[in-house]
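Data first, discussion second: the structure below is written as structure tokens.
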Amino acid sequence: MVDLASLIERVEKCARLDNALDVEIEVALFEPDDVTKSCRPNNAGTKVIYTHVNGRETTYRADDWTMNKPYALKRLRAALHQDKSHD
């Protein structure tokens with residue numbers, strides 16, 4: 001489980017584009033659906049591996065979340081709020 005509060009702090013402090021942070025954000029915000037059941041960073045932490053419900057895996061670059069920090073922070077804060085409402 002991702003510590004969303006810590007991730008939010010690191011995004012707030014981020015002063016430049018950061019692919020590794022983009023990967024962490026992508027994984028933290030992932031929600032399973034009918035096609036994709038999970039995601040995780042690759043071993044290098046540079047891309048995201050999605051696992052589909054049929055077992056197939058695909059690897060992609062993460063969205064450039066740190067390019068649009070206000071949007072990333074809005075999504076992360078909403079996810080944090082949603083997590084806290086389930087406690």
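We count residues from 1, following the sequence as given.
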### Task
Report the residue from I49, T51, V27 that forms a side chain to side chain contact (heavy atoms under 4.5 Å, CB included) with S38.
T51
#### Entry: Heavy-atom check, side chain of R40 versus side chain of V48, under 4.5 Å
no
#### Entry: Inter-residue atom distance E9.CD - L4.CG, 0.5 Å rounding
12.0 Å
### Message
Quick check: closest heavy atoms across L17 and T66, and the distance to 0.1 Å?
### Response
CA-OG1, 3.5 Å
### Query
With side chains defined as the heavy atoms from C-beta onward, is the minimum distance between L21 and R10 less than 4.5 Å?
yes
### Query
Is any side-chain heavy atom of D63 less than 4.5 Å from a side-chain heavy atom of I25?
no
### Query
How about R61: does its CZ atom have over 12 heavy atoms from other parts shown lying under 6.0 Å from it?
no
### Message
Between W65 and E24, is the side chain to side chain contact (heavy atoms under 4.5 Å, CB included) condition met? List the steps.
### Response
CA-CA 10 Å; W65 292 100; E24 288 186 65; over 6 Å; no
### Task
Supply the atom-to-atom distance I8 CD1 to K74 NZ, rounded to the nearest 0.5 angstrom.
14.0 Å
### Query
Which atoms form the tightest heavy-atom contact between G45 and P41, and what is the distance?
CA-CB, 4.3 Å
### Ion pair check, K69 and E12, cut-off under 4.0 Å
no
### Enclosure of D33 CG (heavy-atom neighbours >12, cutoff 6.0 Å)
yes
### Query
Would a 4.5 Å heavy-atom cut-off, applied to side chains only, mark D34 and V53 as touching?
no
### Message
Taking L29 as the starting point, is it possible to reach V23 by hopping between hydrophobic residues whose side chains are less than 4.5 Å apart?
### Response
no
### Task
Look only at the side chain of D64 and the backbone of M67, and say whether a donor-acceptor pair between them is shorter than 3.5 Å.
no
### Query
If only atom types and distance count, is the side chain of E57 paired as donor or acceptor with the main-chain N or O of H52 below 3.5 Å?
no
### Task
Find out whether F30 and K37 are in side-chain contact, i.e. whether some heavy atom of one side chain is under 4.5 Å from a heavy atom of the other.
no
### Message
For the backbone of R56 and the side chain of N54, can you confirm whether one donor and one acceptor N or O come within less than 3.5 Å of each other?
### Response
yes
### Task
Taking D22 for its side chain and A62 for its backbone only, find out whether a donor-acceptor pair lies under 3.5 Å.
no
